[in-house]
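Everything on this sheet refers to the single structure shown next.
Numbering of ligands and ligand atoms starts at 1, following listing order.
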Amino acid sequence: MSSPITKTDLEFLKRFSMLIGVLALMAVAFILLALYIYAKQPPAASPAADKVVADRLAPVGESYAGETGRAAMLAAEEARKKEAASRVAYGGTTDGKAIYDQLCSACHQSGAGGAPILTDKAAWAPRIAQGADTLIKHATEGYTGRAGIMPARGGNPSLNDEQVKASVLWMIDQVK
Ligand code: HEC
């Protein structure tokens, strides 16, 4: 029984599949070579990615140059306000009660250090008899009497004359 494939055809098929095989091997070799070269190559620089990195590295505030001046101005304004407020006690209020509540009451509410208590009319009567000017002077310059030590300006040197006067007058009003 003779094969339907002739000898020549068989030879052709043999060579042809060998050729296909070699080409396939070469294809694989080229793929591997390409991968190798690709791995060796530094990655291409992307301008978009570079910008993201640069933005992240930029110091805070510098990436918004337009806002920098405004932010500095606001900070300076804030610092100036704080500084001004700290130079004048209690925001410069001349509300005697406010000053008393925040400072004088520390002693004159409890009687700490022998301070005459604000509600003690008997303790205040002889003091008030000295006259408001003397009381203001004593409160401003400080005063050491038999009861104890009244510190100058209630112990807060940033309290100005007007504020001391206002608080003394307010206290006098309370014990009258
Ligand atoms: C650290 C405690 C203390 C604080 C704070 C204080 N005082 Fe006095 N104050 C005294 C004492 C103690 C006396 C009594 C002194 C004495 O007569 O021996 C006194 C007395 C006075 C007198 C009477 C002075 C006199 O001639 O009799 C006045 C007025 C007065 N204080 C006002 C104030 C005012 C206003 C403040 C707040 C700005 C203030 N004090 C804060 C302790 C204090």
Side-chain angles (χ1 to χ4, degrees), residues 35 38-176:
L35 283 175
Y38 182 74
K40 282 263 160 173
Q41 212 70 2
S46 144
D50 284 352
K51 192 183 175 312
V52 168
V53 172
D55 280 353
R56 281 209 196 114
L57 292 177
V60 174
E62 213 159 86
S63 37
Y64 298 101
E67 283 283 290
T68 308
R70 207 174 100 80
M73 221 176 68
L74 288 178
E77 172 91 354
E78 199 59 32
R80 196 182 56 71
K81 269 194 202 151
K82 264 194 199 148
E83 217 261 320
S86 70
R87 251 183 292 135
V88 183
Y90 315 120
T93 181
T94 49
D95 176 359
K97 179 177 162 33
I99 297 164
Y100 174 84
D101 285 346
Q102 293 175 82
L103 177 63
C104 321
S105 63
C107 296
H108 288 282
Q109 198 74 27
S110 59
I117 295 173
L118 195 59
T119 51
D120 186 351
K121 285 192 200 289
W124 280 98
R127 296 179 190 274
I128 288 173
Q130 301 176 97
D133 285 350
T134 305
L135 294 181
I136 291 166
K137 187 173 182 291
H138 286 170
T140 307
E141 295 172 356
Y143 171 73
T144 306
R146 266 178 298 150
I149 298 167
M150 164 63 204
R153 299 174 194 278
N156 184 343
S158 60
L159 204 67
N160 64 30
D161 290 349
E162 209 186 332
Q163 290 178 304
V164 175
K165 184 178 171 189
S167 52
V168 172
L169 292 180
W170 181 83
M171 283 168 76
I172 293 173
D173 259 1
Q174 304 310 300
V175 281
K176 251 186 201 159

Look up atom CZ in Arg127 and atom OG1 in Thr134, then write down how far apart they are to the nearest 0.5 Å. 12.5 Å

Approximate separation, where rounding is to 0.5 Å, of Ser105 OG and Ile99 CD1: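 With rounding to 0.5 Å, OG (Ser105) is 11.5 Å from CD1 (Ile99).
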
[X] N/O under 3.5 Å from ligand 1 N/O:
{"X": "Tyr143", "value": "no"}
{"X": "Arg153", "value": "no"}
{"X": "Ala147", "value": "yes"}
{"X": "Gly145", "value": "yes"}

Just checking, any donor-acceptor pair under 3.5 angstrom between side chains of Tyr100 and Gln174? no

Classify the side-chain pair Asp95/Thr93 by whether it contains a donor and acceptor separated by less than 3.5 Å.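 Judged by distance alone, the side chains do not pair up.
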
Other residues, nucleotides and ligands only: do more than 12 of their heavy atoms fall within 6.0 Å of CG on Leu74? yes

Quick one: look up the protein heavy atom nearest [atom] and list residue, atom name and how far away it is.
{"atom": "atom 26 (O) of ligand 1", "answer": "His138 ND1, 2.5 Å"}
{"atom": "atom 34 (C) of ligand 1", "answer": "Cys104 SG, 3.4 Å"}
{"atom": "atom 28 (C) of ligand 1", "answer": "Trp124 CH2, 3.7 Å"}
{"atom": "atom 18 (O) of ligand 1", "answer": "Gly148 N, 2.7 Å"}

Does the side-chain contact (heavy atoms from CB on, under 4.5 Å) test come out yes or no for Met171 and Leu118, once each step is laid out? CA-CA 7 Å; Met171 283 168 76; Leu118 195 59; 3.8 Å; yes

Need the ligand 1 atom indices (1-based, order shown) with element for anything under 4.0 Å from a heavy-atom of [X].
{"X": "Pro116", "answer": "13 (C), 14 (C), 19 (C), 20 (C)"}
{"X": "Leu103", "answer": "5 (C), 38 (C)"}
{"X": "Ile149", "answer": "10 (C), 11 (C), 12 (C), 42 (C)"}
{"X": "Leu159", "answer": "38 (C)"}
{"X": "Gly154", "answer": "5 (C), 41 (C)"}
{"X": "Met171", "answer": "32 (C), 33 (C), 34 (C), 35 (C)"}

If hydrogens are left out, which of [options] has an atom nearest to [atom], that is, the closest non-hydrogen atom?
{"atom": "atom 5 (C) of ligand 1", "options": "Gly113, Cys107, Gly155", "answer": "Cys107"}
{"atom": "atom 35 (C) of ligand 1", "options": "Ser110, Gly111, Ser167", "answer": "Ser167"}
{"atom": "atom 17 (O) of ligand 1", "options": "Arg146, His108, Arg127", "answer": "Arg127"}

Walk me through it: do Asn160 and Val164 pass the test side-chain contact (heavy atoms from CB on, under 4.5 Å)? CA-CA 6 Å; Asn160 64 30; Val164 175; over 6 Å; no

Please tell me if the side chains of Met150 and His138 come closer than 4.5 Å, counting only heavy atoms from C-beta onward. no

How does Pro151 reach ligand 1, if at all, at less than 4.0 Å between non-hydrogen atoms: by side chain, backbone, both, or neither? side chain

Test of understanding: given a 4.0 Å heavy-atom threshold, classify the contact between Met150 and ligand 1 as side chain, backbone, both, or neither. both

Mind listing the closest non-hydrogen atom pair of Gln163 and Ser158 along with its distance?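 Closest pair (atom of Gln163, atom of Ser158, distance): OE1-O, 3.9 Å.
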
Show the numbers, then the answer: is there a side-chain contact (heavy atoms from CB on, under 4.5 Å) between Gln130 and Lys137? CA-CA 11 Å; Gln130 301 176 97; Lys137 187 173 182 291; over 6 Å; no

Before you tell me yes or no, could you show the steps for Asp101 and Lys97 under salt bridge (charged side-chain N to carboxylate O under 4.0 Å, His left out), namely the whole-Å CA-CA distance, both residues' side-chain angles and the distance that decides it to 0.1 Å? CA-CA 6 Å; Asp101 285 346; Lys97 179 177 162 33; 2.8 Å; yes

In terms of side-chain geometry, is the basic nitrogen of Lys51 or Asp55 positioned less than 4.0 Å from the acidic oxygen of its partner? yes

